[in-house]
Each structure stands twice: as C-alpha cells, then as structure tokens.
Amino acid sequence: MSERALGRAFLTPAFVVMGLLALFPIVYAAYESLFDFDFFTRTDFVGLANYVDQLTSPRFWSAVFVTIAFTVVSVTLEFIVGMIFALIMNAAFKGRNVTRAVILLPWVVPTVIAGQMWRYLFEQRPGYINEWLGLGAIDWLGSGASMFWAVVIADWWKTAPFVGLLLLAGLQTIPNEVYEAARVDGATWTQRFRNVTLPLLTPSIVVALLFRSVDALRIFDLADIMTNARLETLSVLAQRSIVRAPQPDIANTLAVLTFVMIMGIGLIFIAMMGRDVVGEPEEGS
Amino acid sequence: MAATADTGPAPPQAAPQKAGGLRNDPRVQMGGQLLGLAVVFAWCIFPFLWMVLVSFQGTVALRDANIFGGPFTTGNYTRVFEEGFMWNLGNSIFVALSTTVISILVASLAAYAIARLPIAYKFTILAGTLVATVFPPVSLVPPLFVAFNALGQLNTYQAMIIPYVALTLPLSIFILTTFFATIPKEMEEAAKVDGATPFQTFVRVVVPLAAPGVFAAAILVFVYAVNEYLIAFSLASGDPNVMTVTVAIATLDRVGFEEPIGTITAASTIVSIPLIIFALAAQRWIVSGLTAGGVKG
C-alpha cells in the first residue's frame, strides 16, 4: 500500500465514526425540528415554526443568559485563581511536585461527586457553609441568584486548579534568563509580570481560556445535581425537553439552536486565537 | 553637610532598605512560598476531607455541622454495598475501558495520517478536528434518545460507549497528532531504508515510540468516560444493571434514604479513592496529555 492510500485508510474510521455518530444525528435533528410531534410520532411539516416558538420564548432566552453569565463569571474567577496558583507553584522550589499532584484531585474526581459535595455543603441542613461562616440560615440553593453563585463556586473550586496546571506548564517554558535580565534592568515584580510573564505566557492563556470557555458553555452536571435542574442552562433545558418531559419538537429545535450557538462561539474563539493552538498553516501542511 | 550625614541615618532611607533585605531573606522567601503552597493544598483537599469525615458519621452526627463530632460508624458503607454500588462501579469501568480502547485505536490511526502521511487538506483536517472538540454533547441527546428508543437500545452499554467514542475522538486525534509530530522522522526513514512497508513502519517503529503519548491520551479518555453524566443519565439511567457510578451517585438521594448525605458521601469516597491514587500514579502522563497541543514549546 502506498503512503497516500495508507493515509486515506487510516483517516477513514475516524471520519466514519464522527460523521455517523456526531454529524448525522445533528442533521437528523435539524430535519425533524421542522415537524410537529404527537408524543414520539412525527405529524405535520411546520417549517420554521418550532424555531419561531423558541426564539420568542422567554424561557429560552433566560437559559441563554444564564449560560453566558455563568461562562463569563466562572471562567474569569478560575483564570484569576489559576494564575495565582501557577505563580505560587512556579516560585516554590520545595514541594512543587507534591502540589502539582494534589492539584489534579479536583480535576480527576467526577463532576457529579463535586456537585453532590457542594450541594450538601450549601444545603440548609445541617448547613455546613452557613454555620462555618456564621451566615445564618441562607437558603443558597433555593432561589435564582444565590443558586447561580453556588454553582459558580462549585465550578470555580473544581477547575481553577486545572487552569493553574495549564498555566504552570506555560510558565515553565519561560527561560529564567529573561527574568534575570529584567531584574538587572531594575524592573519591579509588577513590571516583570506585565511586561515579561504575560506576553510570553499568552499562548498558554489563550488555550486555557478557549478550553474553559467552551466547556463552561456546555455546563450541565453541576446545575442538574446541585439545583435539581432548576438553574436552567441551555444544556439543562435541552436535556429536560427530551428526557424529563419528552417533547421531541422542542428538543430537536433546542439541540440545533444549542449546537449552532456553542459551535458559533467556539469557532469565533478558535478563529481569534487558533493560530496559537494549531500553528501557522505552513507549519501544519 | 558632613555633620548632618553623621547625626543620624535618615529613617525614610533605612526603611525601604530593610524591607528589601527582608524580602530577600531566604527564610522569609521560603516561608512565603510554603504559605502559598499551603493555600493551594487546602483549596484542593478540604472538600475531600469533609466528604470522608461525613461518610463515617451516623444519622445523629449528620444533624450537626461539626464534621469532627462522632459517633463515627461504617453503616453508610454497608448500605452502599447493599445497594449494589460495586456493580455500578464495574459498569463504569467496563464502559470507560471499552470507550478508551476503541477511541484510542481509531484516533491513533487518524493522528498518524495527519502528522506523517501525505494526505490532502492536512491543515483543514487538523483545524476541523479542533473545531469538533467544541461539539456540545447535549445536542446529541435528543436525536440519539429517539434513535435508541426506536431501536430498543436505551439503557444498554452501547448507548453510552457509542456516543463517548464519537465525542472523545476529536480531542484524542488532536493530542495524538502533536505527540506523533515530535517523533524524529529519521527513525521512520531508517525503517523505510531497511525495506519496511509504511504499515510495518507504523506498527513496529512509530507505535512503540509514541507509547507515552498514547498512554497520556488514553488516560484522558478514560477519565472523561468515568466522569460522564449527561449522556449516561439521559440514555442509560433506567436499568440498574447498566447504570454507571455517576448516575448512581446523582440519583442515590432519589431512592429514599432518610439521610442520603451519608450514603452519597460514602459512595463518592469509594469512587474517589481509586481515582485519586490513579491520578497521583499517572500524574506525569496526565500533565503531558493536558498540555499537549496547548503549550507549543
């Protein structure tokens, strides 16, 4: 077999699996979203009526808003703490390896477990967080705003160390001589951070923000578990419309809308930052 | 002039010098670093500490927010075992291992083709792979729910394994491509000179050299599959014989225990401990997998 034929043969299984099991279902959902349903039976062709319903529904726009607000707030908080963690670990000589191992723990433990832990930490009975912080009887998971913040805090806890790990790997590629030179020139810590660390760390920062943002946009587990799906993100809304209360017309429409929105935002991110991730076209070809 | 200089060292001048000296004192530096590390440690470990202590508390102790208060008991663990939780753990491992083997096999071939073989539209394919990692899994839930329902495949192992493979392929291909690209080309050329076919070169030379990268990608896929909840909950939560640990832990309190927190923390501890040991043992590969593709040297 020639190398060219081997290349095609090697690529085929991956393309078939992704095409058949990821792309085709979406296309099929898009087709079915043009119909009305009577339970699971397709009835009348209704054109874009299902989309009009969703795009004029306050519930849909509330889910969009919650999803985007969650992404912006949690990724910002994770980035700040992740950066601090990375700087701490990078500066330390003793105990760096142990810390780098420990920092993996929140990442490796299933989000479901993190969700249950934080749910019970926030619950009113016995009220661990309320009692430890002397907050009185706050019903964290009871209403919109505090529920949102409880989920943000759980996500913050789980992913800030992960961001720190990615940024630490980037920090370790910056040669020490660059800092020495800056120090000799009399640069203060703030100046060194702003003018040396940040520019050289940009590729790692871009990657961390990219992966975290698209991940945060897809949030389901924590919202489903901590608030019993009362905090309605896009994923929660779409999942509920097929599993908890099956309405295939709504579910298919939401699947397509979610797909378009998240892939759209992802594409914009990648187009803006992608060069740092994939490299220049010349390099890859 | 000389007199003023002698009469006293000006305090404003001395102060910054002293502060600078203090900051450069190795003991102070070390203390600051250890304090920083302690904060990172506490952040990562504290919720686990809470979880383990609570999992050993009985009904009476669980009414109190004091996690160090007894009486301690192993009753929660007994109940978790009686619920057949170990079977759920077996399901998770089976589903995760199957996903890992299939995904890595298919991804390795594709990644090698992208990194090494002369194929058309190479950059487009790699960029497309990166875009595919953004795919929202929830968009698969409605069509797959309808399809699996029609085919009678809901609540089966394959209802999880099939979408997991499709969803983990893009990232696996992306990570493996960066690993394959770092293998020196000379090794392959030497094999070619010795008369090896391209396929023999792949199996005999490239695969062994790529083993650390393949292992790193495999760990990430395995951890993803053990972690996964959305699809497992949506497509395979109806049959206790197939249910994975994430679904079991998420739904334990819906079974109707009086104090579900005890059983949930016990079940979570049972799942977390092997995962934590695994993460510590495989730390090197996990970090290299997570940063591959990301941090270009």
Side-chain angles (χ1 to χ4, degrees), chain A residues 3-4 6-7 10-11 13-14 17-18 21-22 25-26 28-29 85 88 91-92 95 99 101-106 108-113 116-117 120 126-128 131 161 169-170 173 204 207 214 218 220-221 225 235 238-239 242-243 251-252 255 258-259 262-263 266 270 278 281 284-285, chain B residues 33 36-37 40-41 44 47 51 63-65 106-107 109-110 112-113 117-119 122-123 126-127 130-131 134-136 138-146 162-163 165-166 169 173 198-199 223 226-227 229-230 234 246 249-250 261 264 268 272 275-276 279-280 283 286 291 294-297:
Chain A
E3 287 201 324
R4 211 162 260 283
L6 191 71
F10 275 14
L11 279 176
V17 171
M18 288 193 285
L21 298 167
I26 282 295
Y28 191 68
F85 281 11
I88 288 174
T99 317
V102 166
I103 214 162
L104 279 172
L105 302 191
V108 80
V109 166
T111 315
V112 168
I113 292 182
Q116 289 284 28
M117 290 196 310
Y120 282 109
Y128 294 102
E131 187 147 320
T173 63
S204 308
V207 171
V214 293
R218 298 180 287 197
F220 174 80
D221 299 9
I225 291 191
S235 293
Q239 195 268 356
I242 191 71
V243 181
N252 284 320
T258 308
F259 176 78
I262 293 182
M263 290 302 273
I270 291 173
V278 194
S285 56
Chain B
Q33 286 169 2
L37 291 181
V40 180
F41 248 82
C44 295
M51 179 178 85
R63 294 203 185 113
D64 189 352
V106 174
L109 297 177
Y112 182 67
L117 297 173
I119 50 167
K122 188 170 281 197
F123 180 74
L126 190 59
L130 183 66
V131 172
V134 179
F135 196 101
V138 75
S139 295
L140 284 185
V141 170
L144 289 184
F145 186 89
V146 172
I162 291 171
V165 169
L169 269 180
I173 294 176
F199 187 73
V223 169
V226 171
N227 264 278
Y229 170 63
L230 168 59
S234 306
T246 50
I249 288 175
I261 177 174
I264 286 175
S268 300
S272 301
L275 277 172
I276 286 173
L280 297 181
Q283 182 210 352
I286 293 175
T291 51
V295 187
K296 286 169 57 107

Point to revise | Between B:Pro47, B:Gly36, B:Pro163, B:Ala107, the one whose heavy-atom pairs under 4.5 Å with chain A are most numerous | key: B:Pro47

Study note, to complete from the structure: Greatest number of non-hydrogen atom pairs under 4.5 angstrom with chain B, of A:Met18, A:Gln239, A:Glu131, falls to A:Gln239

Practice item. Heavy-atom distances under 4.5 Å only: say whether B:Phe135 touches chain A with side chain, backbone, both or neither. Key: both

Check your understanding: Between A:Asn252, A:Val102, A:Val214, which residue shows the highest count of heavy-atom pairs closer than 4.5 Å to chain B?
Key -> A:Val102

Point to revise | Closest non-hydrogen atom pair between B:Leu117 and B:Lys122, with its separation | key: O-NZ, 2.8 Å

Review point. Side chain, backbone, both or neither: which part of B:Val131 has an atom under 4.5 Å from a heavy atom of chain A?
Key: both

Point to revise | Flag side-chain contact, heavy atom, 4.5 Å: A:Ile225 against A:Thr111 | key: no

Practice item. Would you please classify the geometry between the A:Phe10 ring and the B:Phe199 ring as parallel, tilted or perpendicular, with 30° and 60° separating the classes? Key: perpendicular

Review point. Taking only residues two or more places apart in sequence or in another chain, which ones pass ring-ring contact (aromatic ring centres under 6.0 Å, His included) with A:Tyr120?
Key: none

**Study point:** A:Pro110 side chain reached by B:Leu275 side chain, heavy atoms, under 4.5 Å
**Key:** yes

Review point. Among A:Ile103, A:Ile113, A:Leu21, which residue forms the greatest number of heavy-atom pairs with chain B at distances under 4.5 Å?
Key: A:Ile113

Practice item. Against chain A, work out which of B:Val165, B:Ile119, B:Leu140, B:Leu109 has the most heavy-atom pairs shorter than 4.5 Å and name it. Key: B:Leu109

Practice item. Against chain A, label B:Ile286 side chain, backbone, both or neither, depending on which of its atoms sit under 4.5 Å from a heavy atom there. Key: side chain

Review point. Which one, B:Val223, B:Val141, B:Val226, leads in non-hydrogen pairs under 4.5 Å with chain A?
Key: B:Val223

Check your understanding: Given side chains that start at C-beta, do those of B:Asn227 and B:Thr246 come closer than 4.5 Å, heavy atoms only?
Key -> no

Exercise for review: Sort B:Ile249 into side chain, backbone, both or neither according to what part of it lies under 4.5 angstrom from a heavy atom of chain A.
Suggested key: both

Revision key, fill the gap. Looking only at B:Ile276, B:Leu230, B:Val106, B:Val146, most heavy-atom pairs under 4.5 Å shared with chain A are made by B:Leu230

Review point. Can you tell which of A:Pro161, A:Ala255, A:Ala91, A:Gly266 has the highest number of heavy-atom pairs within less than 4.5 Å of chain B?
Key: A:Ala255

Exercise for review: Could you pull out the closest heavy-atom pair between B:Ala113 and A:Gly7, with the gap in Å?
Suggested key: CB-O, 3.6 Å

Review point. If we only count heavy atoms from C-beta on, is the B:Met51 to B:Ser272 side-chain gap below 4.5 Å?
Key: yes

